[in-house]
Trainee: 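Handing you this structure, nothing more for now.
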Amino acid sequence: MDDFKTVRIKKKTLIRFKSFSKKVSNSYSKTLDMVMNFFEWHGFLPSDRLGKSMVEEIIKNRKRTNASIAIIKDIEKSQTLPTMAMLQSLFEHQESDSDFEDDFDFIEKKFPNGKPEEEWMEETTVPRISYDRLEDKMDLLKKDFSYVLDNVKLVKSSFGRDYLKLELPMGAVEKYKRTIRNH
């Protein structure tokens with residue numbers, strides 16, 4: 001328990017403090033602590049007039065806040081996003097330069113002829129034969145993947161966590177490795 005001590009205060013000041021304390025906190029001690037912390041934190045004395053010095057303090061805090069925001073934005077641009085791009089390229093195995101530019105807004109896009117729509121149309125137009133081949137490859141991948149998923153079994157462990165077991169013949173695993181290397 002905290003020890004309580006008495007302080008002699010004029011009755012008019014006490015009434016004013018009690019009404020102020022009801023607005024600020026549920027305890028007189030907390031209210032008084034908050035008031036003292038405010039003055040100590042901002043470097044004011046209760047006898048100071050807070051007009052100009054308060055405005056100066058707000059401006060100083062605003063400058064600090066803007067500087068902090070600028071530092072955080074610089075960190076995002078120079079450190080976080082390039083690191084994120086490197087991690088994505090590691091996990092995706094194949095990240096082309098055009099994919100990298102599309103993912104991030106901070107890279108300046110340059111179009112030599114000044115018409116991005118035409119270049120976009122040229123890049124996205126795929127001959128029908130290539131499209132059919134890609135669909136066939138996708139169908140084969142779906143079949144292979146469903147075969148692999150059908151051969152995954154849940155193994156319940158009496159000690160530790162349960163785990164998944166892949167029950168495939170070695171020939172099938174080698175076939176999938178060759179297929180992935182060739183594509």
Side-chain angles (χ1 to χ4, degrees), residues 1-2 24-27 30 33-34 37-38 40-42 58-183:
M1 291 288 297
D2 290 332
V24 175
S25 176
N26 57 358
S27 160
K30 284 183 184 178
D33 281 336
M34 289 168 58
N37 288 339
F38 173 81
E40 288 174 355
W41 174 261
H42 293 289
I58 290 171
I59 290 171
K60 189 169 45 171
N61 285 341
R62 193 172 289 159
K63 287 180 182 176
R64 287 181 194 153
T65 305
N66 289 341
S68 300
I69 289 170
I71 290 169
I72 291 170
K73 284 183 179 180
D74 182 54
I75 288 171
E76 286 176 348
K77 285 181 182 178
S78 63
Q79 294 174 6
T80 309
L81 292 177
T83 305
M84 192 67 175
M86 286 187 278
L87 286 173
Q88 284 180 344
S89 67
L90 284 174
F91 287 118
E92 292 177 5
H93 297 290
Q94 293 177 342
E95 179 95 43
S96 69
D97 290 337
S98 62
D99 290 338
F100 181 78
E101 289 175 2
D102 290 339
D103 288 345
F104 302 101
D105 295 334
F106 67 89
I107 296 175
E108 181 180 354
K109 296 181 180 181
K110 296 180 181 177
F111 301 101
N113 60 1
K115 298 180 181 176
E117 296 85 16
E118 291 177 10
E119 288 183 18
W120 182 77
M121 288 301 290
E122 289 175 4
E123 290 177 9
T124 56
T125 350
V126 179
R128 185 71 183 170
I129 295 171
S130 298
Y131 180 77
D132 291 337
R133 287 182 186 161
L134 287 172
E135 277 191 331
D136 292 339
K137 284 183 183 180
M138 185 64 175
D139 290 335
L140 288 174
L141 283 172
K142 284 181 181 177
K143 286 179 189 174
D144 290 343
F145 192 70
S146 65
Y147 176 72
V148 170
L149 287 178
D150 290 339
N151 288 303
V152 173
K153 305 293 182 211
L154 175 65
V155 177
K156 299 228 182 228
S157 175
S158 56
F159 298 104
R161 304 169 100 189
D162 298 341
Y163 61 95
L164 299 174
K165 181 178 178 182
L166 184 61
E167 298 180 344
L168 287 177
M170 282 304 290
V173 173
E174 292 300 321
K175 176 187 152 208
Y176 293 133
K177 285 182 181 179
R178 265 183 276 126
T179 306
I180 289 174
R181 277 190 220 121
N182 294 335
H183 290 289

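Values below: all heavy atoms of this structure, side chains included; hydrogens, waters and symmetry mates excluded.
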Trainee: Considering only distance and modelled atom types, tabulate donor-acceptor pairs under 3.5 Å from the side chains of residues 147-154, sequence neighbours left out.
Mentor:
from, atom 1, to, atom 2, distance (Å)
N151, ND2, Y147, O, 2.9
K153, NZ, D150, O, 3.3

Trainee: Can you name the residues that form a side chain to side chain donor-acceptor pair (under 3.5 Å) with E135, not counting sequence neighbours?
Mentor: Y131

Trainee: Atom OH of Y176 and atom CG of L141: how far apart are they, to the nearest 0.5 Å?
Mentor: 10.0 Å

Trainee: Measure the CG-NZ distance between D139 and K143 for me, rounded to the nearest 0.5 Å.
Mentor: 6.5 Å

Trainee: I'd like to check the salt bridge (Lys or Arg N to Asp or Glu O under 4.0 Å) partners of D132; sequence neighbours left out, ordered by chain and number.
Mentor: R128

Trainee: Table please: side-chain donor-acceptor pairs of residues 161-175 below 3.5 Å, with sequence neighbours left out.
Mentor:
from, atom 1, to, atom 2, distance (Å)
D162, OD1, S157, N, 3.1

